[in-house]
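What you see is a predicted model, and the numbers here were worked out from it, not measured in a lab. Below, all heavy atoms of this structure are taken into account, side chains as well, without hydrogens, waters or symmetry copies.
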Amino acid sequence: MTDRSLHTTCAYCGVGCGVEIPRAGDRDIQVSGLANHPANLGRLCVKGTHLGEVLPLQQRLLRPQLAGKTVSWDTALDFISQKIDRARTDFGSDSLGFYLSGQLLTEDYYVANKLAKGFLGTANLDTNSRLCMSSAVAAYQQSLGEDAVPGCYEDLEQADLVILVGSNLAWAHPVLFQRLQAARKTRPQMRLVVIDPRATDTSRAADLHLPLKPGTDGRLFNGALAWLADQNALDAEFIKQHTEQFDETLAAARQHAGSNWAALADDCDLSLADLLQFFDWLKDTPRTVTAWSMGINQSRSGVAKSQAIINLHLATGRIGKVGATPFSITGQPNAMGGREVGGLANQLASHRGFTQADCDAVARFWEAPNMARTPGLKAVDLFKAAARGEIKVLWIMATNPLASLPDANRVREALARVETVIVSDVVTDNDTLAYADLVLPALAWGEKDGTVTNSERCLSRQRGFLLPPGEARPDWWALTQVGQRLGFRAAFDYDSAADIFVEHAALSAFEPAPNRQFNLQPLKNLTAREYDNLAPMQWPFEADGCPRARLFSDGCFATPNGRARFIPVAPAEPDAAAGQLRLNTGRLRDQWHTMTRTGLVNRLGQHRPDFCITLHPADAAERGLTAGQPVRISNALGHFVALLAIDTGQRRGDAFAPMHWNATFAAEGGVTRVIPAIVDPQSGQPEAKHALIDVEPLPVRCSGIYIGEHLPEPLAQSAIWFKRSLGQQWLWSLFYAEQKVTELASLWQSIAPENSVTLSDSGHHWFHQASLPGQSPGFWLALGDQYRPEVDTDWLIEHWQVSDVALDDWLAGKPGKADPRGNLICTCYSVYDRDIQGYLEQHPGARLADVQHELKCSTQCGSCLEEVTGLVQQCSLRSSAVETA
Ligand SMILES: Nc1nc2c(c(=O)[nH]1)N[C@H]1C(S)=C(S)[C@@H](COP(=O)(O)OP(=O)(O)OC[C@H]3O[C@@H](n4cnc5c(=O)[nH]c(N)nc54)[C@H](O)[C@@H]3O)O[C@H]1N2
Ligand SMILES: Nc1nc2c(c(=O)[nH]1)N[C@H]1C(S)=C(S)[C@@H](COP(=O)(O)OP(=O)(O)OC[C@H]3O[C@@H](n4cnc5c(=O)[nH]c(N)nc54)[C@H](O)[C@@H]3O)O[C@H]1N2
Ligand code: SF4
Ligand SMILES: [Mo]
């Protein structure tokens with residue numbers, strides 16, 4: 001650390017990369033990867049690289065607001081306490097609800113849990129991790145005895161076979177993916193298998209991609225177990241010494257998968273050759289890591305599928321060893337910390353459940369007067385109870401449920417029904433904030449202080465390096481103030497995050513169960529200074545206090561008898577689609593969830609600027625759809641509108657749309673409006689990846705682009721719009737079903753600022769008008785009678801406010817030479833696909849390293865490495881085809 005630099009942890013994904021901040025106190029910063037952080041060793045992905053741009057104050061929530069009016073914290077906190085008090089008296093403790101997030105710090109989470117479960121007497125406290133990790137959690141608990149991820153990142157580097165199931169690691173956990181790719185370079189014997197119904201940047205890097213029928217993973221893994229048993233390729237000694245229930249489990253797997261491998265391949269819609277290749281590699285590779293994520297968890301049988309994966313690892317003894325482990329990859333920066341403090345409604349702090357003994361132990365430690373003794377409502381059920389009017393006060397913190405829970409239209413009705421909705425957030429605008437009675441301004445990344453735990457159980461500090469803006473306060477602080485007002489002064493008398501952390505560590509070491517892995521004993525006496533300087537470290541700790549990278553290496557599991565449990569499973573599959581398409585939803589490389597932060601950064605919008613739904617070309621053709629046109633996606637629950645994209649990497653019958661857009665960024669909302677609230681019966685995790693939908697063209701008479709600060713009423717009325725941040729201004733894409741260009745142009749003219757300049761054609765097919773650069777308020781408008789006005793958006797964004805381009809080009813919104821650069825590939829160095837293709841055309845035989853050297857693309861954060869590699873490969877294939885011909 002240089003004198004003024006500061007070390008912290010990235011705000012985004014569960015890889016948990018260390019970040020170096022050059023100067024404390026400065027909002028305009030260029031962050032870099034922390035060289036000695038064990039998660040990233042100096043690397044950062046594109047989201048991490050742009051962390052500094054997410055800090056501007058324009059859209060920051062700065063003061064508490066009650067019914068839309070600014071109030072003092074005192075008024076706000078009194079209001080909450082009175083509402084909670086009244087609801088408890090009139091309707092009982094279970095009329096209260098807390099909905100938290102894996103983006104809170106461990107300290108925030110700990111205090112919320114203590115308040116609800118220990119002092120208010122309700123376990124109606126759940127978290128968005130329910131939508132994310134809860135299936136893996138339940139599987140670990142049942143199979144291994146504790147919610148404890150057995151492996152570590154190094155295992156992905158040391159394995160000879162890495163299987164990624166339902167994970168788009170290249171986009172969702174880019175730094176981990178880079179570590180994997182770097183290891184493959186140095187250890188060419190390593191193989192990568194990717195199991196995902198659609199082609200992704202991750203699958204394109206694989207030795208074998210299994211584009212299976214969605215939802216058939218359980219059958220595939222059961223088949224693998226049965227096949228390995230037939231081949232006598234299981235670890236009989238490990239099974240005998242360290243596990244139980246093997247025979248029942250193998251019998252169930254055989255029954256589910258059958259023994260006709262051709263039929264199994266058919267059921268999964270795979271070729272028999274690919275299926276057997278996968279099984280063969282499994283048989284021959286003791287060092288196997290199976291890493292899974294949302295393609296497994298977000299399903300009606302996410303727990304059973306996770307168990308089918310764990311069963312396979314137990315049966316081959318591939319757990320707790322170097323390069324051999326089942327490994328669920330967590331999504332959010334502190335999903336793991338949340339699990340450690342009991343953030344789920346069916347857990348108590350420190351990996352405890354709701355047994356009498358656990359409840360008593362926690363109650364004793366907290367000296368809790370109103371200990372909750374039964375599990376509370378899981379996320380989807382909590383909002384269903386709210387819709388029935390049973391929840392009177394709901395406190396939502398660091399999550400945007402109206403945009404991320406399934407069946408958004410019902411979630412909206414639920415929020416409208418709750419008497420008091422409190423939302424703690426850091427931005428002024430998101431879908432959920434619109435339904436808040438009371439809004440509380442929280443400290444954001446860079447301002448807040450505490451700890452997070454990443455996917456490999458590594459605990460690191462997020463450190464504040466900026467002064468709190470306005471009246472924003474830590475989330476934990478707001479909770480403690482309410483606790484104190486409700487009469488629990490001593491229990492919530494914390495001065496700092498450090499105070500809370502040591503209590504959390506002490507509770508983890510209090511009356512520990514014999515085989516429980518989670519125990520922060522060595523950290524329970526940290527001084528404030530030691531906490532401030534805490535270096536990243538993995539739990540659990542050896543007797544001498546040294547961190548341990550792998551769990552269960554001695555074959556002793558966290559169950560009461562120390563044996564791992566095989567679980568017989570036959571995972572249910574999603575409903576069949578009769579004439580409908582199946583909607584798969586997930587992530588893009590440069591956006592984070594509901595876009596409240598990444599959606600404000602121009603550069604992060606460049607990689608995939610539009611909200612698109614992707615179909616196979618044949619499905620699009622069958623419906624008479626062409627790329628770029630707006631389409632209406634619907635089912636009985638609701639509808640949303642997106643633009644059509646076409647990709648042969650999409651299976652026939654399947655569609656994919658990103659989860660990111662919502663009512664804040666698109667007039668007709670996002671994907672969750674059509675996702676049914678079907679949940680896994682054990683974990684309560686919603687099936688977010690298999691909704692059945694219809695897709696039809698949206699009639700469009702006229703479309704437009706508008707750049708400005710606000711969308712003026714004549715244009716907004718009756719428009720279907722999507723908006724994208726340009727920093728101070730927004731760019732709206734507009735579509736109109738009824739009006740013609742001339743009608744809209746004349747409506748607009750009635751309010752157009754003076755001195756605007758116009759360009760239009762005599763046939764009234766298009767109309768462009770803009771304020772001259774430097775004029776205020778600035779705007780730029782194009783209307784046209786096709787799906788998109790013919791402008792080069794990237795060029796326009798760069799030039800609409802500068803006066804050094806020809807007026808006609810500027811008004812036309814494209815360069816005279818008509819030289820659009822295509823799609824942005826490398827956000828760090830602004831390199832477009834046409835730049836790369838142009839270079840490759842001029843330099844036949846150029847290799848990836850030449851392109852990187854010349855254009856610099858993929859040399860900074862590396863997030864685009866797969867795409868650049870793909871372009872180089874395409875080009876060399878094309879030239880060898882030409883040579884062969
Ligand atoms: N850029 C970016 N990164 C993120 C996030 C973000 O918002 N943006 N969010 C973070 C969070 S919280 C999470 S949980 C993680 C999620 O990380 P991932 O789980 O890797 O991401 P997803 O895109 O949700 O889904 C992964 C893949 O599952 C596939 N899939 C769908 N159905 C099936 C199926 O039936 N079987 C199989 N085998 N695969 C299927 C999808 O096609 C998709 O490619 O990402 C984290 N990282
Ligand atoms: N269809 C579909 N739905 C999904 C998924 C999917 O793949 N498909 N994925 C699911 C998954 S895995 C996840 S994790 C969820 C994510 O869904 P959400 O948690 O709803 O998404 P975010 O946009 O991350 O919401 C975080 C909110 O917290 C605010 N915030 C940020 N930092 C702080 C802070 O320090 N304090 C406070 N109080 N607020 C803060 C942000 O501005 C934002 O409004 O979505 C789930 N929903
Ligand atoms: S991989 Fe990217 S988003 Fe995830 S923690 Fe690292 S820098 Fe942040
Ligand atoms: Mo997640």
Side-chain angles (χ1 to χ4, degrees), residues 6-19 34 36-41 101-111 113 129 133 137 140 146-154 173 175-176 327-343 347 349-351 445 448-464 476 496-510 512 516-542 544-551:
L6 179 137
H7 296 178
T8 184
T9 315
C10 178
Y12 297 115
C13 85
V15 178
C17 296
V19 174
L34 187 54
N36 62 358
H37 193 287
N40 56 320
L41 307 165
S101 160
Q103 291 164 75
L104 289 170
L105 300 174
T106 298
E107 293 75 3
D108 302 319
Y109 242 137
Y110 177 85
V111 174
N113 268 277
S129 288
M133 296 315 311
V137 170
Y140 285 134
E146 182 176 348
D147 170 23
V149 177
C152 59
Y153 294 162
E154 201 198 16
H173 300 94
V175 165
L176 196 50
F327 198 155
S328 65
I329 311 276
T330 51
Q332 298 181 88
N334 199 29
M336 294 284 267
R339 287 149 74 169
E340 289 154 15
V341 300
Q347 279 186 336
S350 307
H351 287 185
W445 181 85
K448 60 184 184 176
D449 227 329
T451 51
V452 291
T453 309
N454 75 4
S455 278
E456 61 164 354
R457 294 174 270 102
C458 180
L459 204 147
S460 23
R461 290 276 281 104
Q462 265 195 25
R463 296 186 171 90
W476 63 259
S496 67
D499 282 359
I500 303 167
F501 182 83
V502 292
E503 184 180 309
H504 159 59
L507 174 53
S508 76
F510 182 71
R516 190 190 305 134
Q517 303 288 312
F518 180 70
N519 188 329
L520 302 180
Q521 157 88 25
L523 304 180
K524 71 176 195 182
N525 294 319
L526 288 185
T527 62
R529 201 187 161 82
E530 286 165 337
Y531 175 79
D532 268 349
N533 294 329
L534 195 67
M537 62 174 71
Q538 232 166 352
W539 64 261
F541 304 93
E542 303 288 2
D544 60 4
C546 279
R548 184 144 46 88
R550 291 173 189 86
L551 308 182

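- Donor-acceptor pairing under 3.5 Å is recorded for the side chains of T451 and E107.
- In this structure, the salt bridge (Lys or Arg N to Asp or Glu O under 4.0 Å) partners of E503, at least two apart in sequence or on a different chain, are K114.
- Annotation: the span from C458 atom SG to M537 atom CE amounts to 8.5 Å, rounded to 0.5 Å.
- Between atom CG of residue L523 and atom CG of residue L534 there is a gap of 6.0 Å, rounded to the nearest 0.5 Å.
- None of V175, L34, T9, L41 except one satisfies the side-chain contact (heavy atoms from CB on, under 4.5 Å) rule with C17; the exception is V175.
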Applying side-chain hydrogen bond (donor to acceptor under 3.5 Å, both in side chains) to T453 and E340, what does each step give before you reach the verdict?
CA-CA 9 Å; T453 309; E340 289 154 15; 3.0 Å; yes

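- For the pair R461 and Y531, the cation-pi test (distance below 6.0 Å, angle within 45°) is passed.
- With rounding to the nearest 0.5 angstrom, the OG atom of S496 is 8.5 Å from the CG atom of D449.
- A side-chain donor from one of Q103 and Q332 sits under 3.5 Å from a side-chain acceptor of the other.
- Residues passing the side chain to side chain donor-acceptor pair (under 3.5 Å) test with Q462: none are found, sequence neighbours excluded.
- Under the rule for a side chain to side chain donor-acceptor pair (under 3.5 Å), R463 has no partner lying at least two apart in sequence or in another chain.
- Applying the salt bridge (Lys or Arg N to Asp or Glu O under 4.0 Å) test to E530 and every residue at least two apart in sequence or in another chain returns nothing.
- Summarising the geometry, atom CG belonging to D499 is positioned 14.5 Å from atom NE2 belonging to H504; distances are rounded to the nearest 0.5 Å.
- Checking side-chain atoms of D147 against main-chain N and O of V137 turns up no donor-acceptor pair under 3.5 Å.
- Between atom CG of residue L459 and atom CG of residue N454 there is a gap of 9.0 Å, rounded to the nearest 0.5 Å.
- R457 contributes a side-chain N or O that, together with a main-chain N or O of A549, makes up a donor-acceptor pair within less than 3.5 Å.
- One finds the NZ atom of K524 at 11.0 Å from the CG atom of L507 (value rounded to the nearest 0.5 Å).
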Taking it one step at a time, do S508 and S350 satisfy side-chain hydrogen bond (donor to acceptor under 3.5 Å, both in side chains)?
CA-CA 5 Å; S508 76; S350 307; 5.0 Å; no

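- For R516, the salt bridge (Lys or Arg N to Asp or Glu O under 4.0 Å) criterion is met by no residue, not counting sequence neighbours.
- In this structure, Y153 and F327 have parallel ring planes: the angle between them is below the 30° cut-off, well short of the 60° mark.
- Taking the six-membered ring wherever Trp is involved, the centroid distance between the rings of W539 and H351 falls below 6.0 Å.
- No donor-acceptor pair closer than 3.5 Å links the side chain of Y109 to the backbone N or O of W476.
- For H37, the side chain to side chain donor-acceptor pair (under 3.5 Å) partners two or more places apart in sequence, or in a different chain, are S460.
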